[in-house]
Amino acid sequence: MINKIKKITLVAFVFSALIAGSSHAATQTEVDNVTGPAFGLNADQYETTLDSYKQQQEAELVAKEDAEIAALRESARGRSIGKFKAYAYSLDCDPSNITRAGTRPVVGKTIAADWSVLPRGTRVRIGNSDTIYVVEDTGGNIKGRTIDIFMHNDSEARAHGIRYPELYIVEGDAKEAQQKIDEILARRAERQASQNQ
């Protein structure tokens, strides 16, 4: 019974030393008391220093955070759905000033698409642009993998011409994703700063 209490006390001591932040390295007697002499470990082989434990835990946490950051960046960028033919239009071309969705078109937001390909309300990023457009309109020539981007006027629409950008479907909020990434990085920096003290 006394040996069990000694073992429990020793394990508790080693564990509390790890948690408390000391750099306690076990002696051979402590190793033998915890593992038993049958393991044949010497004190050097039985690495119980807080530094090695912290490094392992930090590496695992950083890997987990990096995976989460990569997923957030991917969701903020959007999922590629390939290249689309892109036209442009304006109120000069369509003076009704009402989209098929019943909204007023907005420059830098409204696009027209074939709703069987890109349903109403789909949020897309066009090429490398940071702007997120919303499918709110349709058009007579807008069939299949074709979009029509709402512009200020007819001269802007003509200057745009026909292009073939890659489209990305954006799910979720890009700003929210970036805020989460910033929070993860701030927590990491704070954690690593406290470990270096």
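For reference, positions follow the sequence shown, starting with 1. From a predicted model like this one, the values you see are computed outputs, not experimental measurements.
When each of N141, I142, T110 is paired with Y89, the side chain to side chain contact (heavy atoms under 4.5 Å, CB included) condition holds for T110 and for no other.
Taking the charged nitrogens against the carboxylate oxygens, E176 and K180 do have a contact shorter than 4.0 Å, which makes a salt bridge. Between R191 and E58 a salt bridge is recorded (basic side-chain N to carboxylate O distance below 4.0 Å).
Contacts of Q179 classified as side-chain contact (heavy atoms from CB on, under 4.5 Å), with partners at least two apart in sequence or in another chain: none. Under the side-chain contact (heavy atoms from CB on, under 4.5 Å) criterion, D154 pairs with S90, D92, C93, A157, R158, sequence neighbours left out.
Summarising the local packing, CZ of R188 is surrounded by more than 12 heavy atoms from other residues, nucleotides or ligands at distances under 6.0 Å.
Cluster partners of M151, using a side-chain heavy-atom cutoff of under 4.5 Å among ILVMFWY residues and allowing indirect links, are I81, F84, I111, W115, V117, L118, V124, I126, Y133, V135, I147, I149, L167, I169. Other residues sharing a hydrophobic cluster with V106 under the 4.5 Å side-chain heavy-atom criterion for ILVMFWY residues do not exist; the residue is a singleton.
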Practice item. For side-chain contact (heavy atoms from CB on, under 4.5 Å), just list the numbers for I69 and L185, CA-CA rounded to whole Å, side-chain angles, deciding distance to a tenth of an Å, and then say yes or no. Key: CA-CA 9 Å; I69 288 169; L185 294 174; 3.6 Å; yes
Review point. side-chain contact (heavy atoms from CB on, under 4.5 Å) between E60 and K64: does it pass, once the steps are laid out?
Key: CA-CA 6 Å; E60 290 172 7; K64 183 180 174 185; over 6 Å; no
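Among residues at least two apart or in separate chains, salt bridge (Lys or Arg N to Asp or Glu O under 4.0 Å) pairs with a member in residues 103-112 are K109-E136. Residues in residues 114-125 take part in no salt bridge (Lys or Arg N to Asp or Glu O under 4.0 Å) pair, two or more places apart or across chains.
For the atom pair L72 CG and E65 CD, the distance stands at 11.5 Å (nearest 0.5 Å).
Heavy-atom minimum distance, K143 versus G139: NZ-O, 4.2 Å.
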